[in-house]
Peer 1: 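The structure that follows is given in the form of structure tokens.
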Amino acid sequence: MIEIKKLSAGYRGVPVLRDLTLSFPTGKISTLIGPNGCGKSTLLKTMCALLPSISGELFFDGKPLSAFHRREFARLCAVLPQSRNIPALRAMELVAHGRYPHLSFSRNLREEDWKKVAAAMEKTGTLPLKDRLLSSLSGGERQRVYLAMTLAQDTPVLFLDEPTTYLDIGQKYEILELVKFIRDEGKTIVMVLHDLPLAFSYSDEITVLAEGRALCQGPSARVFEERIADRVFGVSSRQVTVEGKTEYLFFRAT
Amino acid sequence: MSISRKSSTRSFFRKDLQGLKLCLLALFLLLCTLLGLWGGSTKLSLFETCLSVLRGDSSSPQARILLYVRLPRVSASLLSGAALAASGVLIQAVLQNPMAAPNVIGVNAGAGFFTFLTLALFPAHLAFAPLGAFAGALLAALLVYGAASIAGAGKLTIILAGVAISSMFTAGINFIKTISPESLYNGSSFLIGGFSGVSFRDLFPAFWLILISLLLSLLFSSHADLLRLGDDSAQSLGINVKLCRFTLLLLACLLAGSAVSFSGLLGFVGLIVPHIARRLFGVSHRILLPASALFGAALVTLCDLLSRLLFAPYEIPVGILLSLLGGPFFLFLLLKRPRGRREGDPR
């Protein structure tokens, strides 16, 4: 369980988020949604300690963030950041970087580290790409390789910042199915998504942010029924059942 | 899991090959060193001279040349080559910019300016030169780094800021040279970079600084690897990105500053050697750093030898030769690079 208490956060002392109190349950997919500039990426960055908070505190299973050592925190939370470099590395070499927080002083990967790397690549279907240069991969493949790196980090908590940007619709589903699969293994996932239909169909919990405040947090079905996203984005929505599955439609409000 | 086993043996195999290549490079360096000791306007019969020196007889002219001319000179070329090349690798890692190098971003010019300044102000204290050089190198690096982080650290911004700072310090050097020409016994060769007249006394403090910085930078090689992933990823893997950048930059300045203090503004090594080494050894800093250091040492020693041999008994400053040979070679590398690949891809 990740708890946020009276958190203010932002850049260079100017708060984007004000006085937030939220909690994210263990073993679930929690998604932050909201219009551009509402502070969802800021919140995610603050939660994964990439950005220092201005006031307030974050707790991971009751332990405050400030009590964590860097490497200890890196063994608890892995992050897929929004902007990613494309270093001149082969896929497997990149994934191996995920083992860094677990390595001893000599920084050599042991046999079991390589096993974890291979397992993470197998899970994300990137094992056939292991000797390819990152620059030669497609956007979707590269995304999965980066996800494999965060999985190789072998943490109970995963933060994903816009994991589906730049991907086509098929690749988006592929990534989110993978996220679901990871959740079913017991990991806690907190992510930011732009795509509302995908956010509602794949999340257990939804948090709606607007202008630096949280409007609501709860199970995605309930948040949908309360039409909060409709109000925030100025759209209308329908829930339809296609082949026994609930899908969400968003369209322009009339 | 069969797949993982296969991949791990593969990576070990690759490592072995890297080790072998590194050994070959070390052998090449040894050869260059011996050639450097041998060659010049007077050719030494190395074996006999060494024997006589070891027997305690260093009075023959041959032995005196070996001990007081060749040995300091080759040591200087080895040290400065290794230091500048390693400094180039570190600066390229810190700034994440393949165009960066100690001479490009003004570190060399800063070091040179402060070396001049200390020599002009305290002519009696040669030992201050490396310290002044280090201070100058650090000042230049911090200026570039600061300017880039204020203006948004675009790759071009860093280079342009470096060019501006470099030209400021070069102007400073020329200013001192103009108003106090007697403060330097060989001012013009300092600007180009060269080793004529170098003695062990000039090398002594720089030697330790370079050795320690090289070892420390090896310790931080895996941190340098992580910087490649971008700040956010590196930080979420548990390193303090800002501290790591600063430490690596500090080491790069120590290396370049120490080298400049006795070799002058030897420019091109720090830019081209990391690129060549990356072609041969890949991008992992644990291999790349020692490989660049060895290669830089070998290259500068070889060029210094040529600079003595080509127009013997006259000699040209090694900096001229390095630029003459290095420039076309670097262009060749750029043109040969397969299209659609990024900087620093291994083959």
Side-chain angles (χ1 to χ4, degrees), chain A residues 45 48-51 68-90 92-94 96-103 105-119 121-122 127 130-131 133-136 146 149-150 153 155 159 161, chain B residues 1-12 14-15 92-93 96-98 150 155 218-244 275 278-279 281-288 337-347:
Chain A
K45 276 189 164 175
C48 53
L50 291 178
L51 201 67
F68 280 92
H69 189 259
R70 263 171 208 285
R71 271 161 70 88
E72 184 190 6
F73 189 72
R75 289 193 289 263
L76 178 74
C77 302
V79 184
L80 183 74
Q82 196 176 354
S83 63
R84 289 175 287 277
N85 281 13
I86 310 171
L89 291 174
R90 283 161 214 288
M92 196 167 199
E93 291 170 334
L94 180 84
H97 281 73
R99 297 303 302 161
Y100 182 82
H102 300 275
L103 300 182
F105 185 71
S106 73
R107 310 276 190 257
N108 279 318
L109 272 79
R110 292 150 299 185
E111 185 73 33
E112 67 254 38
D113 291 311
W114 283 114
K115 271 185 190 160
K116 293 239 164 84
V117 168
M121 295 191 81
E122 189 138 46
L127 208 46
K130 67 187 172 73
D131 289 322
L133 282 171
L134 286 181
S135 50
S136 73
Y146 257 98
M149 182 179 95
T150 54
Q153 209 171 329
T155 56
F159 291 108
D161 198 351
Chain B
M1 207 184 299
S2 66
I3 309 150
S4 76
R5 179 136 319 180
K6 212 162 141 197
S7 65
S8 84
T9 44
R10 227 196 122 148
S11 72
F12 280 131
R14 268 194 203 157
K15 243 181 210 158
Q92 288 176 5
Q96 281 300 298
N97 191 329
I150 289 168
K155 298 209 159 165
L218 271 181
L219 270 185
F220 282 98
S221 57
S222 56
H223 289 70
D225 283 345
L226 290 185
L227 287 181
R228 268 198 306 255
L229 306 182
D231 289 9
D232 285 356
S233 284
Q235 194 155 339
S236 62
L237 286 170
I239 68 166
N240 185 342
V241 171
K242 276 189 185 138
L243 186 68
C244 170
H275 282 270
R278 228 174 262 132
R279 284 287 164 89
F281 291 90
V283 292
S284 165
H285 284 90
R286 196 181 294 196
I287 298 289
L288 187 60
R337 194 180 60 202
R339 270 164 217 283
R341 286 204 191 164
R342 285 165 58 88
E343 207 53 70
D345 281 1
R347 272 148 297 139

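Here is the naming used below: chain letters follow the sequence lines, and residue numbers restart at 1 for every chain.
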Peer 1: Sort F159(A) into side chain, backbone, both or neither according to what part of it lies under 4.5 angstrom from a heavy atom of chain B.
Peer 2: neither

Peer 1: Checking heavy atoms, do the side chain of L219(B), its backbone, both or neither come under 4.5 Å from chain A?
Peer 2: side chain

Peer 1: With rounding to the nearest 0.5 angstrom, report the CG to OG distance, L80(A) to S233(B).
Peer 2: 7.5 Å

Peer 1: Quick check for you: among N240(B), V241(B), D231(B), which has the greatest number of heavy-atom pairs under 4.5 Å with chain A?
Peer 2: N240(B)

Peer 1: Using heavy-atom distances under 4.5 Å, tell me whether L94(A) contacts chain B through its side chain, its backbone, both, or neither.
Peer 2: side chain

Peer 1: Take D225(B) and E93(A) through the test side-chain contact (heavy atoms from CB on, under 4.5 Å) and record every step on the way to the result.
Peer 2: CA-CA 11 Å; D225(B) 283 345; E93(A) 291 170 334; over 6 Å; no

Peer 1: Please flag which part of M149(A) lies under 4.5 Å from any non-hydrogen atom of chain B: side chain, backbone, both or neither.
Peer 2: side chain

Peer 1: For L237(B) and V79(A), run side-chain contact (heavy atoms from CB on, under 4.5 Å): C-alpha distance rounded to whole Å, both residues' side-chain angles, the deciding distance at 0.1 Å, then the answer.
Peer 2: CA-CA 8 Å; L237(B) 286 170; V79(A) 184; over 6 Å; no

Peer 1: How close do L89(A) and R228(B) get, heavy atom to heavy atom, and via which atoms?
Peer 2: CD2-NH2, 3.7 Å

Peer 1: Which answer fits K45(A), side chain, backbone, both or neither, if we ask what part of it has an atom under 4.5 Å from a heavy atom of chain B?
Peer 2: side chain

Peer 1: Would you say that P87(A) contacts V283(B) through its side chain, given a criterion of any heavy-atom pair below 4.5 Å between the two side chains?
Peer 2: no

Peer 1: Between A49(A) and chain B, which part of the residue has a heavy atom less than 4.5 Å away: side chain, backbone, both or neither?
Peer 2: backbone

Peer 1: Which atom names give the shortest non-hydrogen contact between A74(A) and S236(B), and what distance separates them?
Peer 2: CB-O, 3.5 Å

Peer 1: Tell me whether Q235(B) contacts the main-chain N or O of L51(A) through its side chain, where contact means a donor paired with an acceptor under 3.5 Å.
Peer 2: no

Peer 1: What pair of heavy atoms forms the shortest contact from R70(A) to I239(B), and how long is it?
Peer 2: NH1-O, 3.6 Å

